Amino acid sequence: MSESGTPLLELSEVTLRFGGVTAINDVSFSVADKELFAIIGPNGAGKTSIFNTISQVYRPQEGDIRWRGDSIMGTRPDRIAKLGIARTFQNIELFPQMTVIDNLLTGHHVRMQRSWLAGALWFGPAKAEEIASRRKVEDIIDFLEIGRWRKHPVALLPYGFQKRVELGRALAMEPELLLLDEPVAGMNLEETEDMARFILDIQRELGISMVLVEHDMGLVMDIADRVMVLDFGTKIAEGTPAEVQNDPAVIAAYLGSEFASTSEASKT
Amino acid sequence: MFGRPNLYTSYEQESQIFSTWTQKVLAAFGILLLFLLPFDIPAITTKIPGTGWLADIPVLGRVFSWSIGDGIPLVRFLGDADWLRPMTTVFMLAIAALGLNILSGVAGQVSLGHAFFMGVGACTGVFLGGESSEALYGLGLPIWIWLPGAGIAAVLIGIIVSPVAVKLRGLYLAIVTLGLVFVGIHLGNTSWGRKIAGPPALGRKYPELDIRLWKEEDPLINVSDDGRWLWFDVTDAQKRYLLYLVLAIAFAFVAKNIIRSRTGRALQAIRDRDIAAEVMGVPEFKYKLIAFAISSFFAGVAGALFAALSGQILAEAFGLFLSVEFIAILLIGGAGTTSGTLIGTFFVVMIPQFVEEITKWLDKSEGPIGGTVGELILTDGSGDLGVINTSTVTPGWTLSVFDWNIVLFGVLIIVFLIVEPLGLFGIWVKVRNYWKRWPFSY
Ligand SMILES: Nc1ncnc2c1ncn2[C@@H]1O[C@H](COP(=O)(O)OP(=O)(O)OP(=O)(O)O)[C@@H](O)[C@H]1O
Ligand SMILES: [Mg+2]
């Protein structure tokens, strides 16, 4: 796989502004092969914006983003997908009128080759590819235990299952890096546990690296290898879950400014 | 096989267009019926006394119209030429509608310029296929050149406007494409356009539907005169019907394939969530361009078939009303689905036919008076444009049949938008699901 030393993904000194708002301020971090890297931070800290700069939906004004050592700045989002970066969205962005199967097959689009012309004729290569893709997608459906919904339009599914389908769609892209934006937001305990199990299986069995954005601290501290903490677009801490948990700056950011002075004035 | 309808033996079977036995049998039966429709079928050999009134029922009576000559009654279906022609029109228009369905129904790019691309196809068709004379341009090439050529010309023109079109969406795209329609009408009426289309109201000799290798005397398959095909006597109108039917089936198959494969899913993804689609690896502009090109190709081919069917082309025939008819087709049938598009085309073409039939029947004693609809529409009986019907103004009715059609389409568009956005296809799905669940209704 990747040469030792070159991280899978590397952001260096990335800054993203929206008019007067600085959503990401001089943030650097890197994700290693097969690592589960978590990003946490209060609302509006810039976590989703980081995902959007990696997907190149937003173009940062400063800094560089490298994939296996090569800059991906200015690359189109669909090319980023082809490189092997898949993601889910904070507010589910499934294709609502399509069935579960078709949503996953659309995820697999990027790994399919046949042109529209081959598709128009159907018989031959296009059909063979459709059936092979269908098989792969069915494996993912089994893995995520969403078989009973496979032919339902996703708009009709309960919220928790929609989240799973979105994860499935990202997996169907056969990525090397998976960006998960709040995969358990709004889920009950049981659903959260299922999702945690899927995430760990993806990391260990499929060997896919992940960046996880999540407000559920319990989950992050349990499964993440490393954690980065953002506040107002600025990175305030990075380390193992245990290190981050005890960082005074992190405590201040989470508990409010009145605690900042009492614990430590590391943040101005 | 029997039992749970959702259980399939393999993904291959499931990927078929008609995946269950019931569907296969019904489809085969339906297609067979379409092939038999233009012919008289001697079904009843003795005339049943007292049943003559059956023939007087509007619309349905057509089936029972008793035949000429030796008194052998026939079940006529469409043996009647004035019903054969609208059905042929259905096939021609269905090809164009299937194209627009891919662009507007599947990819969500509403275009009002579809009539324009049909016009481009019609002009190219008559130019490539029609004979030249001192007043007219024409190359007199065989159908296997002029028909695809018409589609390709429409694609090329489409590519010229596509840099603008793929960047627009919603209302903006609708308005820009609407502009194309007016540009098209203007171009068609220039002296240069007339050299292709022929003088107004006269037209020109349309491209031959005969299948030839090149320009030889005897065609491989003669489509333009009455004659024998295999063991059957077939009139030219029946031949046209069959040719257009075969073409419509072929294009429906291609359209369905595009929709059910990788490209179709990519287009739907762009329609539903364009940014998510890009992040999933679907290049938005590329696929919008593909949708635009496919739709233009279908329109171009249909336009050439339109010219060959009507025998003349008039720029005004490819105007706003035709574009609106397409929108009506998609909305009534159910945008995004192939079968919905086919059903929608059937209704939109046949409704005026029914209206006319019923108007005639309502006013049988006085009889219809051939009327005027306005300068746009040719009322020359043999050469009417098929799509836009010739009008009959009946005494006592303040609106002409043509006016009624416009009103009817307007009302139908509104009703379907409000009541059943999925169109007739949606209604069909509901009915089907009801029966699948029966007797467990919930
Ligand atoms: N498209 C945009 N235009 C303008 N401002 C934006 C845009 N996207 C994000 N922002 C701003 O950037 C900042 C960071 O937003 P972001 O969505 O990245 O936060 P987040 O950490 O994901 O928050 P949450 O936990 O609520 O999801 C916010 O102040 C937000 O208002
Ligand atoms: Mg967010």
Side-chain angles (χ1 to χ4, degrees), chain A residues 51-52 55-57 76-83 85-89 92-98 101-123 126-135 137-138 150-151 155 166 169-170 172-173 175 179, chain B residues 5-8 10-17 98-99 102 105-108 250-287 289-291 293-294 297-298 335-337 421-422 429:
Chain A
F51 278 11
N52 281 332
S55 316
Q56 292 286 302
V57 176
R76 286 203 322 250
D78 59 280
R79 304 253 172 207
I80 301 280
K82 202 153 197 168
L83 286 175
I85 303 179
R87 69 179 279 194
T88 66
F89 298 84
I92 299 169
E93 296 271 358
L94 287 167
F95 308 117
Q97 297 177 38
M98 291 193 209
I101 289 174
D102 278 349
N103 264 280
L104 266 60
L105 281 171
T106 308
H108 200 62
H109 176 96
V110 77
R111 298 287 163 244
M112 295 171 80
Q113 316 278 329
R114 299 294 154 222
S115 70
W116 63 275
L117 210 56
L121 300 174
W122 185 254
F123 292 107
K127 184 181 170 189
E129 190 183 55
E130 288 289 324
I131 290 169
S133 307
R134 178 67 194 274
R135 246 179 227 128
V137 158
E138 289 286 343
R150 56 155 67 77
K151 288 193 183 155
E166 218 190 18
R169 185 180 64 176
M173 294 165 70
L179 312 176
Chain B
N6 278 332
L7 225 57
Y8 293 85
S10 73
Y11 303 139
E12 169 157 12
Q13 189 197 347
E14 209 174 320
S15 73
Q16 292 167 353
I17 297 176
L98 286 163
I102 289 178
V106 180
F251 276 89
F253 179 67
V254 165
K256 178 73 192 175
N257 288 344
I258 290 171
I259 294 174
R260 66 172 161 160
S261 65
R262 179 175 184 249
T263 307
R265 287 187 302 267
L267 297 178
Q268 285 178 61
I270 291 171
R271 174 194 67 193
D272 288 351
R273 298 235 190 272
D274 48 357
I275 293 182
E278 283 219 84
V279 172
M280 293 297 116
V282 178
E284 184 183 352
F285 290 159
K286 176 182 164 191
Y287 275 91
L289 189 71
I290 288 175
I294 293 172
F297 185 82
F298 278 52
T337 61
L422 295 178
V429 168

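So you know, we letter chains A, B, ... as the sequences are listed, proteins then strands, and number each from 1. Here the structure is a predicted model, which is why all the values come from computation and not from measurement.
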Answer yes or no: are there more than 12 heavy-atom neighbours, outside B/Ile275 itself, under 6.0 Å from its atom CD1?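 Result for CD1/B/Ile275: open.
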Should B/Glu278 and A/Arg79 count as an ion pair when the cut-off is N to O under 4.0 Å? no
If I compare all heavy atoms of [X] with all of [Y], which pair ends up nearest, and what's the gap?
| X | Y | value |
| --- | --- | --- |
| B/Arg265 | A/Leu105 | NE-CB, 3.4 Å |
| B/Pro283 | A/Arg76 | CB-NH2, 3.9 Å |
| A/Glu130 | B/Arg262 | OE2-N, 3.0 Å |
| B/Ile290 | A/Trp116 | CD1-CD1, 3.6 Å |
| B/Ser261 | A/Trp122 | CB-CZ3, 4.0 Å |
| A/Val110 | B/Met280 | CB-O, 3.9 Å |

Please state whether the side chain, the backbone, both or neither of [X] comes within less than 4.5 Å of a heavy atom of chain B.
| X | value |
| --- | --- |
| A/Arg135 | both |
| A/Met173 | side chain |
| A/Leu117 | neither |
| A/Phe51 | neither |
| A/Ile92 | backbone |

Here the gap from A/Thr106 atom OG1 to B/Arg273 atom CZ, rounded to the nearest 0.5 Å, amounts to 13.0 Å
Fit a plane to each ring of B/Tyr287 and A/His109, take the angle between them on a 0 to 90° scale, and name the class: parallel (under 30°), tilted (30 to 60°) or perpendicular (over 60°). perpendicular
Check the pair A/Asp78 / B/Val282 against side chain to side chain contact (heavy atoms under 4.5 Å, CB included), numbers first and verdict last. CA-CA 6 Å; A/Asp78 59 280; B/Val282 178; 5.9 Å; no
For chain A, which of B/Ala266, B/Ala269, B/Ala276, B/Gly336 has the most heavy-atom pairs under 4.5 Å? B/Ala269
Please classify the contact of [X] with chain A as side chain, backbone, both or neither, using a heavy-atom distance under 4.5 Å.
| X | value |
| --- | --- |
| B/Arg271 | side chain |
| B/Ile259 | neither |
| B/Ala277 | both |

Please confirm whether the backbone N or O of A/Ala120 pairs with a side-chain atom of B/Asn257, one donor and one acceptor, at under 3.5 Å? yes
Passes side chain to side chain contact (heavy atoms under 4.5 Å, CB included), A/Phe95 versus B/Gln268? Steps please. CA-CA 8 Å; A/Phe95 308 117; B/Gln268 285 178 61; over 6 Å; no
